[in-house]
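The block underneath contains the structure these notes are about, expressed in structure tokens.
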Amino acid sequence: MTPMKKNQLPTALIANLQGVLAGRKESGGSNGDGEEKETVSNEETRVSSSDDGSGLLPPGSKPIVLVTNGDGIESPGIVLLVEALVREDLCDVYVCAPESDKSSSGHSVSFPETVAASSVEINGAVAFAVSGTPADCVSLAFSGTLFPWSKPALVISGINKGTSCGRHIFYSGAVAGAREALMSGIPSLSISLNLRKDENQESNFKDAVDVCLPLIRAAIRDADKGAFLKGCLMNIEIPGSPSTSKGFKVTRESLRRPVLSWQAVSANRHPYSGQYMSMHQSLGVQLAQLSRDASAAGAARRASTQKKNVEVESVAAAGKPEQRETIKKFFRVEFLQKELEDVDDELDFRAVENGYIAVTPVHMNVHVEPEIQAFTSDWLASALSKHGEASSGQRDY
């Protein structure tokens, strides 16, 4: 796996800017009649999607593919996938991914916080690490402020470690990245590798990339032609040993959900730990952060052993406030799998357990059954009617 490093300006972006300058020189520069402006406009058209909302690129251009993930930009899944896409040379590859692990961030965004986007180098791709969530990354990429385009042909979120089957899709930052693209009308894939702790991470990710490439090639081709499935994202779940999988299987989304297991942790192990620091920070910043962490941890311990925070709850008859100590506790959550007795082989998690690569279409059209709509209407009318009776009774009284 090629290591990434920060770069003031990615080589692919430099090449793009050089192309713009070369185009200006060939046209003879501006002559006061708008020729320079026209040249820039043509260059922007080359790297941007069309304005008709289709997400298609002009003939002769390679489609643009945006890659994001939930595990963070330095995870092997995204690096190996991007390197493979660059080697395939079927598209122009751009990367906008979280700078740290956001695999369970769901579809959260960082409003109203300010996020930073730092250029990193993944050979052959224009890449930025963002101090936000996967949904932030995709939205920022589409904004036109980070890249010289606003509509890619396809978004791929992955390859992510862990499962995205069943109700995991509501917690998954990886699926959220693909869903954010879908909300903007852009075709998207979410790809996850269901690894166990004892499996070799990098070699399994390499195999996962290899088995997914046929699907990715087809998705790029069809998205570029406007022939990709509308209104759905494809959630692809790969077994932990991709090279021994039984092939692809179209599945349905199951009701399998994780159990959130909360564990209490001691005050000296609370989340002020240095593990939350970005690996992209300079040594000086890291040392300063460590100092702040140590001070915060010490303050927390002193507060729990020496100092009492006092809240005024009420005033007693004698005029003295009643006092209560404020207790602060720390917890961490883990995802545990809840076993299901459902033996339907067409469900996503069951197919993966049986050695298949599950391909599950996930749509956003929330259809409410007529009886549910009718019940809601009756319930609302009843609630408002009872509220009116109560209000009338109060007035009479």
Side-chain angles (χ1 to χ4, degrees), residues 52-55 70 104-109 111 133-135 138-139 142 151 154-155 157 163-192 215 219 222-223 226-237 248-260 335-354 356-394:
D52 60 3
S54 66
S104 299
S105 61
H107 208 113
S108 62
V109 293
F111 179 83
T133 65
V138 173
S139 178
F142 289 0
K151 289 184 179 180
L154 178 71
V155 171
S157 184
T163 181
S164 295
C165 287
R167 293 300 187 247
H168 276 278
I169 66 171
F170 295 106
Y171 297 101
S172 170
V175 175
R179 190 190 299 116
E180 183 69 24
L182 179 61
M183 290 168 60
S184 298
I186 305 299
S188 59
L189 308 175
S190 174
I191 308 176
S192 298
L215 285 189
D222 293 342
F228 197 79
L229 183 67
K230 300 291 192 298
C232 287
L233 66 89
M234 292 293 186
N235 188 27
I236 302 169
E237 181 93 2
F248 294 93
K249 188 170 188 175
V250 177
T251 57
R252 301 193 311 275
E253 181 187 332
S254 67
L255 299 178
R256 189 179 196 179
R257 66 179 181 86
V259 176
L260 303 184
F335 285 84
L336 303 180
Q337 294 302 328
K338 183 178 181 180
E339 293 300 324
L340 294 179
E341 297 180 358
D342 199 325
V343 294
D344 187 348
D345 291 338
E346 304 303 313
L347 296 178
D348 48 13
F349 80 94
R350 192 64 72 190
V352 174
E353 289 179 348
N354 292 336
Y356 290 95
I357 300 171
V359 181
T360 309
V362 178
H363 63 82
M364 293 184 58
N365 296 326
V366 181
H367 175 69
V368 179
E369 297 295 335
E371 56 267 26
I372 296 177
Q373 197 81 16
F375 173 85
T376 304
S377 179
D378 293 343
W379 174 83
L380 180 61
S382 174
L384 294 177
S385 173
K386 291 179 179 179
H387 173 72
E389 292 174 1
S391 299
S392 176
Q394 289 174 355

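These figures come from a predicted structure and were not determined experimentally. For reference, positions follow the sequence shown, starting with 1.
- Each of Val155, Asn235, Val138 was scored for a side chain to side chain contact (heavy atoms under 4.5 Å, CB included) with Ser188, with one residue passing: Val155.
- Side-chain contact between Leu215 and Val359 is present, with at least one heavy-atom pair separated by less than 4.5 Å.
- Considering Ile186, Leu189, Val362 in turn, Val362 is the only one that fulfils the side chain to side chain contact (heavy atoms under 4.5 Å, CB included) rule with Leu233.
- Within the 4.5 Å cutoff, side-chain heavy atoms of Leu347 are placed close to those of Arg252.
- Contact annotation: the side chain of Glu237 never approaches that of Asp348 to less than 4.5 Å [non-hydrogen atoms, C-beta and beyond].
- One distance of note links CG of Leu380 with CZ of Phe375; it measures 11.0 Å at 0.5 Å rounding.
- Listed here is the closest heavy atom pair of Ala181 and Phe142: CA-CE2, 3.8 Å.
- Counted by atom type alone, Ser190 and Ser157 present zero donor-acceptor pairs between their side chains at under 3.5 Å.
- Of all heavy-atom pairs spanning Ser108 and Ser105, the tightest one is OG-O, 2.9 Å.
- Annotation: the span from Ser139 atom OG to Met183 atom CE amounts to 9.0 Å, rounded to 0.5 Å.
- Heavy atoms only, all atoms of each residue included: Gly173 and Pro134 are closest at O-CB, 3.2 Å.
- Nearest approach of Ala351 to Ala358, heavy atoms of both residues: CB-CB, 4.3 Å.
- Of all non-hydrogen atoms in Ala135 and Glu180, the two that sit nearest each other are O-CG, 3.8 Å.
- How far CZ of Phe228 is from CG of Leu154: 6.5 Å, rounded to the nearest 0.5 Å.
- Put simply, the side chain of Ser377 never gets that close to the backbone of Gln373: no donor and acceptor are under 3.5 Å apart.
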